[in-house]
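Reviewing the structure listed below.
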Amino acid sequence: MLQSNQFVASLTKLRIMKRKTSSQPASSTPPSSPHQSPHFPVKLNSIFDSKKPKNILKNSPAITTKASGEWVPLSIGKSELYLPLTFPTGQTFRWKETGPLQYTGVIGPHLVSLKQLENGDVGYHFHHTECEESARLALFDFLNLGISLSEIWEEFKVSDLRFCELASYLEGARVLRQDPLECLIQFLCSSNNNIGRITKMVNFLSSLGKYLGNVGGYDFHEFPEINRLAMVSETELREAGFGYRAKYIIGTVEALQSKPSGGLQWLAALRKLNLEEAVDALASLPGVGPKVAACIALFSLDQHHAIPVDTHVWQIATQYLIPELSGTRFTPKLCSRVADAFVCKYGKYAGWAQTLLFIAELPSQKAILPSRFCDAEKGNVATARQE
DNA sequence: GGGAGACCTAGTAA
DNA sequence: ATTACTAGGTCTC
């Protein structure tokens with residue numbers, strides 16, 4: 001078992017003690033944006049504005065914020081959270097890079113920026129929030145700070161030499177605790193798709209939510225509620241480039257609306273089930289198969305040993321975990337086989353281990369890893385491992 | 001039960 | 001310049 005008590009304790013302390021210790025010198029970086037803000041078809045917004053002028057885009061006079069000012073330190077250090085290995089690695093498509101080592105996103109109703117400070121720690125800054133205290137709680141929750149990354153990594157390192165080596169280069173790759181609805185809809189968009197287009201699709205849906213502000217050239221919105229999502233037609237989604245996933249969104253939103261307890265509550269309840277039950281429940285939604293279900297389970301439902309098995313993970317697994325299957329083709333049936341192998345090797349937090357191994361396979365990371373980590377990838381020609 | 005095909009689309013490789 | 005294939009899969013025969 002894992003003892004993260006001290007860690008939680010220190011966090012609690014952090015929360016309780018009003019930082020009277022004069023605020024960090026804070027490397028403030030107003031996010032001047034070299035980025036151009038993504039564009040969405042504007043027509044949809046106007047269409048729906050007329051239908052339901054409610055809380056959609058009631059853009060209070062454009063709050064254009066800069067994350068200047070103070071970065072409040074989380075006091076957890078880089079080993080607990082390194083932003084570039086946590087945010088742009090496929091867990092969420094809602095956060096944007098708004099500066100050097102700086103990412104901005106929305107948690108519930110709160111618009112927040114995070115920045116890796118010069119001392120390695122992470123600082124946060126709320127742009128738009130009505131209650132600083134609840135925003136902070138939401139942030140800690142979202143960052144999954146109740147779990148000590150370094151503690152669980154210690155166990156992985158002991159049992160796996162390769163993990164140990166990779167970990168020294170890829171410190172701070174944390175698993176987030178996202179909102180289940182947001183996570184579900186995002187990964188519905190992800191099937192058989194690439195990050196660029198997924199991001200575009202997620203941006204489109206996000207823009208239906210309440211506008212919160214602009215940071216670094218990006219507009220940020222609360223994630224739209226189920227009823228708001230239900231107002232979009234399949235045709236509109238297709239026109240927005242969703243392809244066949246349009247009907248997944250429509251179908252899933254309808255299914256959620258029809259839940260007796262309400263879709264939100266139904267989703268929230270999945271956090272209390274065991275992994276298999278949660279995955280089965282998710283898979284009852286159109287467009288949710290084993291891979292997507294595992295992503296949602298791991299990234300939003302506290303199912304820390306869920307393993308999203310895709311082609312990459314299949315490669316990893318057949319190379320290092322179940323070499324007897326190397327060379328064979330990946331089929332959905334083998335999903336559970338792979339997942340089992342990961343859990344067997346890494347235990348309760350296998351999903352967290354998988355996350356690091358997955359990140360190590362990304363082209364962006366391969367580039368900065370010593371070449372010996374890449375050798376085995378080409379094929380199993382020279383699987384020269386420790387023998 | 002499980003193995004092929006089809007499905008949207010943009011980007012890259014032949 | 002076309003064609004084929006891939007990319008964080010799922011659904012349907």
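Below, read A as the first sequence line, B as the second, and so on, with proteins coming before strands; counting in each chain starts at 1.
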Query raised in the report: Can you check salt bridge (charged side-chain N to carboxylate O under 4.0 Å, His left out) on A:E133 and A:R136, steps first, answer last?
Result: CA-CA 5 Å; A:E133 180 61 16; A:R136 199 175 314 141; 3.0 Å; yes
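Pair assignment for C:dT10 gives B:dA6, based on Watson-Crick or G-U wobble hydrogen-bonding distances that are each under 3.5 Å.
Straight-line distance from the CG atom of A:L188 to the P atom of C:dG9: 13 Å, rounded to whole Å. Taking atom CG of residue A:N194 and atom P of nucleotide C:dA7, one finds them 11 Å apart after rounding to whole Å. In this structure, A:I195 atom CD1 and B:dA10 atom P are separated by 17 Å, rounded to whole Å. Atom-to-atom, CZ of A:R197 to P of B:dC8 comes out at 10 Å; the value is rounded to the nearest Å. The separation between A:K291 atom NZ and C:dG8 atom P is 8 Å, rounded to whole Å. B:dC8 atom P lies 9 Å from atom CD of A:E234, rounded to whole Å. Nucleotide C:dT10 holds its P atom 12 Å from the CZ atom of A:F187, rounded to whole Å. Atoms CD1 (A:I296) and C1' (C:dG9) sit 12 Å apart, rounded to a whole Å.
At the heavy-atom level, A:F358 lies under 4.0 Å from base atoms of the strands shown. A:I198 comes within contact range of no nucleotide atom at all, as no heavy-atom separation falls under 4.0 Å. If you check every strand for non-hydrogen atoms under 4.0 Å, A:T89 touches a base. Across all strands, A:V313 comes closer than 4.0 Å to no nucleic acid atom at all (heavy-atom distances). A:L285 comes within 4.0 angstrom of sugar-phosphate atoms only, judged by non-hydrogen atoms across all strands, and of no base.
The same atom, C1', is picked in C:dA1 and in B:dC8; the two are 23 Å apart, to the nearest Å. Atom P of B:dA4 sits at a distance of 16 Å from the matching atom of C:dC5, rounded to the whole Å. C:dT10 and B:dG11 have their C1' atoms separated by 22 Å, with the value rounded to a whole Å. Between C:dG8 and B:dG1, the two C1' atoms lie 26 Å apart (nearest whole Å).
Within the structure, a side-chain polar atom (N or O) of A:R238 is placed less than 4.0 Å from OP1 or OP2 of B:dC8.
Formation of a donor-acceptor pair under 3.5 Å by the A:T252 side chain with backbone atoms of A:L285 is not found in this model. Side chain of A:E236 to backbone of A:S233: a donor-acceptor contact under 3.5 angstrom is found.
Put simply, the residue from A:I316, A:L170, A:V313 that forms a side-chain contact (heavy atoms from CB on, under 4.5 Å) with A:L357 is A:I316.
Comment: A:E151 does not engage A:K348 in a salt bridge, judged by the lack of any side-chain N to carboxylate O separation of less than 4.0 angstrom.
Of the candidates C:dT10, B:dC7, C:dG8, B:dC7 carries the atom nearest the A:Y244 side chain, counting heavy atoms from C-beta on.
Look at B:dG11: its glycosidic torsion is beyond 90° from 0, and that puts it in the anti range.
Contact detail for A:S113 and A:T104: the closest heavy-atom pair is OG-OG1, 2.7 Å.
Both A:G90 and A:K247 lie near DNA chain C, and the one whose nearest nucleotide falls closer to the 5' end is A:G90.
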